[in-house]
Amino acid sequence: MDVKQRALEIIKIFDEIYPDAGCSLTYEDPLQLLIATQLSAQCTDERVNQVTPDLFRKYKNAHDFANADVRELEQDIKPTGFFRNKARNIIGCCRMIVEQFGGKVPDNMEDLLKLPGVGRKTANLVLGDIFGVPGIVVDTHVGRLSRRMGFTRHDDPVKVEFDLMKILPREKWTRFCHQMIYHGRKYCKARKPDCSACPVKSLCDYGKDK
DNA sequence: CTCCCGATAT
DNA sequence: ATATCAGGAG
């Protein structure tokens with residue numbers, strides 16, 4: 001079967017088993033999603049969601065974060081790991097948003113990438129979930145599953161992103177990535193993938209020798 | 001390529 | 001003990 005055809009079949013099954021696939025981070029506005037996503041680097045969403053309610057009660061907007069004390073912010077986000085980099089990035093990010101973008105999260109890739117600590121993964125997530133702009137969100141799950149499913153043979157997230165863009169219909173991009181992450185957490189896990197129970201095993205060669 | 005880094009699963 | 005978690009910068 002053609003790889004595009006196979007992707008569509010997988011999406012059909014994903015739509016049935018993950019009908020409500022969306023972002024697992026809790027947020028109430030664009031800035032909160034931007035910051036929660038930065039905190040989610042090498043950290044589970046679950047842990048981020050344990051930290052953000054207090055965080056967003058304490059810092060209510062870009063101005064509050066821009067004027068935060070670095071050491072204090074470090075302590076506020078410590079459980080998410082990489083806390084020194086993340087605290088510095090969040091403050092730098094919010095200063096730029098206040099000074100150059102009128103206090104609002106930019107709505108385009110070019111400007112989002114200017115923000116410290118924001119790469120293509122974070123930018124594509126914000127574009128997709130906030131502004132409705134289709135984007136391939138390549139995180140650790142999407143990269144791993146894409147390789148296992150034969151959608152790419154690259155490790156480089158940017159190459160994975162462009163391979164997926166060629167295979168998937170544009171309007172499916174954002175939702176498909178959320179579904180891949182759900183699937184990665186439930187079946188196609190990094191350590192002990194549960195191929196025998198996988199709903200798309202007939203469309204994937206990865207666990208074929210068991 | 002390395003570094004950042006705490007928490008949990010295996 | 002080690003791998004891994006919705007990455008990004010130098």
Side-chain angles (χ1 to χ4, degrees), chain A residues 14 18 20-27 30-52 54-55 70-97 105-106 109-130 133-149 151-152 154-162 164 172-195:
Chain A
F14 279 175
Y18 311 122
D20 55 351
C23 188
S24 312
L25 297 165
T26 54
Y27 64 95
L31 184 71
Q32 290 188 358
L33 176 61
L34 181 68
I35 290 171
T37 306
Q38 287 186 275
L39 291 177
S40 73
Q42 295 296 294
C43 173
T44 60
D45 282 13
E46 195 181 344
R47 183 154 306 284
V48 174
N49 289 337
Q50 288 173 0
V51 167
T52 46
D54 284 340
L55 188 69
V70 193
R71 296 307 174 90
E72 194 175 334
L73 183 56
E74 285 177 3
Q75 295 309 309
D76 292 332
I77 64 172
K78 196 158 196 173
T80 66
F82 297 162
F83 57 90
R84 277 186 277 268
N85 283 341
K86 287 175 181 175
R88 180 159 32 83
N89 285 336
I90 287 168
I91 291 174
C93 210
C94 288
R95 284 184 180 161
M96 192 176 285
I97 286 173
V105 175
M109 175 66 78
E110 189 186 348
D111 286 340
L112 282 167
L113 292 179
K114 291 177 185 169
L115 300 171
V118 176
R120 296 189 65 85
K121 181 260 169 179
T122 303
N124 272 322
L125 182 66
V126 170
L127 286 173
D129 281 357
I130 300 293
V133 180
I136 303 282
V137 181
V138 182
D139 67 342
T140 176
H141 291 295
V142 172
R144 181 180 71 251
L145 270 66
S146 295
R147 285 185 289 279
R148 288 180 177 173
M149 291 178 176
F151 294 149
T152 184
H154 291 113
D155 287 320
D156 177 4
V158 179
K159 291 180 179 173
V160 176
E161 182 182 336
F162 282 89
L164 288 178
K172 304 281 188 183
W173 289 356
T174 301
R175 180 172 168 77
F176 178 75
C177 290
H178 286 310
Q179 290 172 325
M180 288 282 266
I181 288 153
Y182 271 56
H183 192 66
R185 287 202 275 248
K186 189 163 184 183
Y187 299 102
C188 202
K189 295 175 284 189
R191 293 226 190 169
K192 220 179 69 181
D194 193 1
C195 293

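First the proteins, then the strands, lettered A, B, ... as listed; each starts at 1. All heavy atoms count here, side chains included; hydrogens, waters and symmetry mates do not.
Rounded to a whole Å, the CD atom of A:Glu161 is 13 Å from the C1' atom of C:dG7. Between the CD atom of A:Gln50 and the P atom of C:dC5 there is a distance of 18 Å, rounded to whole Å. Atom NZ in A:Lys186 sits roughly 19 Å away from atom C1' in B:dA9 (whole-Å rounding). Rounded to whole angstrom, the span from the CG atom of A:Leu112 across to the P atom of C:dA9 amounts to 12 Å. One atom, CG of A:Leu113, and another, C1' of C:dG7, lie 13 Å apart when rounded to the nearest Å. The nearest whole Å value for the distance from the CG atom in A:Asn85 to the P atom in B:dT2 is 17 Å. Put simply, CG on A:Leu127 is 16 Å from C1' on C:dA6, counting in whole angstrom units. Note: OH (A:Tyr18) to P (C:dA6) measures 14 Å, nearest angstrom.
Here A:Asp129 contributes atom CG and A:Thr174 contributes atom OG1; the two are 6.5 Å apart, rounded to the nearest 0.5 Å. To the nearest 0.5 Å, atoms CD1 (A:Ile35) and CG (A:Asn89) are separated by 11.0 Å. Interatomic distance, OH of A:Tyr187 versus NZ of A:Lys189, reported as 10.0 Å (0.5 Å rounding). The structure places CD of A:Gln50 at 10.5 Å from OG1 of A:Thr26, a figure rounded to the nearest 0.5 Å.
On the C1' atoms, B:dC4 is 15 Å away from C:dT4, given to the nearest whole Å. Separation of the P atoms belonging to B:dA7 and C:dG8 is 22 Å when rounded to the nearest angstrom. To the nearest whole angstrom, the two P atoms, one in C:dA6 and one in B:dC1, are 23 Å apart.
Of the two residues contacting DNA chain B, namely A:Lys189 and A:Pro79, the nearest-nucleotide position lying further toward the 5' end is that of A:Pro79. When each of A:Arg88 and A:His141 is assigned the nucleotide of DNA chain C bearing its nearest heavy atom, the one mapping closer to the 5' terminus is A:His141.
At a cut-off of 3.5 Å, with distance as the only test, a side-chain donor of A:His141 or A:Arg144 sits close to an acceptor on the other residue.
With B:dC5, C:dG7, C:dC5 as the choices, the nucleotide that has an atom nearest any side-chain atom of A:Phe83 turns out to be B:dC5. Relative to the side chain of A:Phe82, the nucleotides C:dT4, C:dA6, B:dC4 differ in distance, and B:dC4 lies closest.
Contacts of A:Cys177 with the nucleic acid, taken as non-hydrogen atoms under 4.0 Å apart, are absent. Base engagement by A:Gly22 is indicated by at least one non-hydrogen atom pair under 4.0 Å involving a base atom. No contact: A:Val142 has no heavy atom under 4.0 Å from any strand.
Distances shorter than 4.0 Å separate none of the side-chain N or O atoms of A:Thr140 from OP1 or OP2 on C:dA6. Taking only side-chain nitrogens and oxygens, A:Arg144 comes nearer than 4.0 Å to OP1 or OP2 of C:dC5.
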Audit row: A:Lys186, A:Asp194, salt bridge (Lys or Arg N to Asp or Glu O under 4.0 Å) steps and yes/no: CA-CA 8 Å; A:Lys186 189 163 184 183; A:Asp194 193 1; over 6 Å; no
Where do A:Leu115 and A:Leu34 land on the side chain to side chain contact (heavy atoms under 4.5 Å, CB included) test, with the steps shown first? CA-CA 10 Å; A:Leu115 300 171; A:Leu34 181 68; 4.1 Å; yes
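Heavy-atom distances under 4.0 Å link DNA chain B to A:Gln42, A:Arg47 of residues 33-49 of chain A, given in residue order.
Under the 30°/60° scheme for interplanar angles, the aromatic rings of A:Tyr18 and A:His183 are found to stand perpendicular.
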